> 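Let me begin by handing over the structure; questions about it come next.
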Amino acid sequence: MSCFWQTVGLRWFRDRTRPDRLACDHGMSRATSYRYFDEVIAELAAHAPNRQQTLQRAQQQHLAYIILDGTIITTDRLTEEITSVQGQPLDLWYSRKASTHSDTIQALSAPDG
């Protein structure tokens, strides 16, 4: 992705600008805005260390502890039905805690951030 498109995607993360607003601001369609948004997430995920790599790095640095933090992100774009152990249909993306469809984003970090 070009620097311009990375900046557009990061604007969503930093300023919480809605994808349809980004589309309007940068003269593109709403669908294109969502596509670039997905590409930015994929790019960030590709460069982020996974849980095992993070734990190995913490061990190599002899950290006494690491911090696990997370947040619930609500969405209207996710829905998937699964079957519970008891055979009941469940919505995989429905959060009872948030009382809406959502997903959890979690991060591991060193004590100093």
Side-chain angles (χ1 to χ4, degrees):
M1 293 181 68
S2 70
C3 291
F4 173 77
W5 291 116
Q6 289 177 25
T7 303
V8 170
L10 292 175
R11 191 172 150 213
W12 182 87
F13 283 103
R14 170 164 260 167
D15 301 334
R16 297 183 181 183
T17 306
R18 293 185 332 264
D20 55 336
R21 179 77 251 166
L22 288 171
C24 183
D25 290 351
H26 297 286
M28 63 181 138
S29 73
R30 188 173 164 200
T32 300
S33 175
Y34 276 102
R35 184 169 53 89
Y36 279 119
F37 168 68
D38 290 341
E39 288 180 21
V40 168
I41 291 174
E43 187 70 24
L44 290 172
H47 292 288
N50 65 28
R51 182 180 29 172
Q52 187 65 30
Q53 292 168 329
T54 302
L55 293 173
Q56 286 174 350
R57 187 179 304 163
Q59 188 176 29
Q60 290 168 353
Q61 295 176 1
H62 303 291
L63 297 177
Y65 62 93
I66 55 175
I67 299 168
L68 171 63
D69 195 9
T71 188
I72 295 175
I73 305 295
T74 60
T75 181
D76 62 350
R77 306 267 180 224
L78 300 174
T79 183
E80 182 178 345
E81 208 169 273
I82 61 170
T83 304
S84 72
V85 175
Q86 292 87 17
Q88 301 294 322
L90 298 173
D91 191 332
L92 182 63
W93 295 100
Y94 186 79
S95 167
R96 290 181 188 222
K97 182 176 182 179
S99 298
T100 187
H101 287 82
S102 59
D103 196 11
T104 304
I105 295 182
Q106 297 179 342
L108 290 169
S109 64
D112 61 357

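Just so we're clear, the structure is a prediction, and the values are computed from it rather than from any experiment.
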> How far does OG1 of T54 sit from CD of Q56, to the nearest 0.5 angstrom?
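Answer for the OG1-CD pair, T54 versus Q56, is 9.5 Å.
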> Over all heavy atoms of both residues, which pair between Q53 and A48 is shortest? Give the atoms and the distance, please.
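Looks like OE1-O, 4.5 Å.
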> Can you confirm whether Q106 sits close enough to D69 that some side-chain heavy atom of one is under 4.5 Å from a side-chain heavy atom of the other?
no
> Determine the sole option in I67, I66, N50 for which the side chain to side chain contact (heavy atoms under 4.5 Å, CB included) test with L108 is passed.
I66
> State the NE2-CZ distance between H26 and R21, to the nearest 0.5 angstrom.
9.5 Å
> Please say whether more than 12 non-hydrogen atoms of neighbouring residues, nucleotides or ligands are located less than 6.0 Å from CD in Q59.
no
> OG1 of T32 to CG of L22: how many Å apart, nearest 0.5 Å?
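Rounded to the nearest 0.5 Å, the OG1-CG separation comes out at 12.0 Å.
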> Grouping I, L, V, M, F, W and Y whenever their side-chain heavy atoms are under 4.5 Å apart, do W93 and I105 come out in a common cluster?
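No, W93 and I105 fall in different hydrophobic clusters.
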> Taking the side chain as every heavy atom from C-beta outward, state whether L92 and E81 have any pair of such atoms under 4.5 Å apart.
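Contact flag for L92/E81 side chains = no.
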> Given 3.5 Å as the limit, does a donor-acceptor pair link the side chain of S95 with the main chain of S99, or not?
no
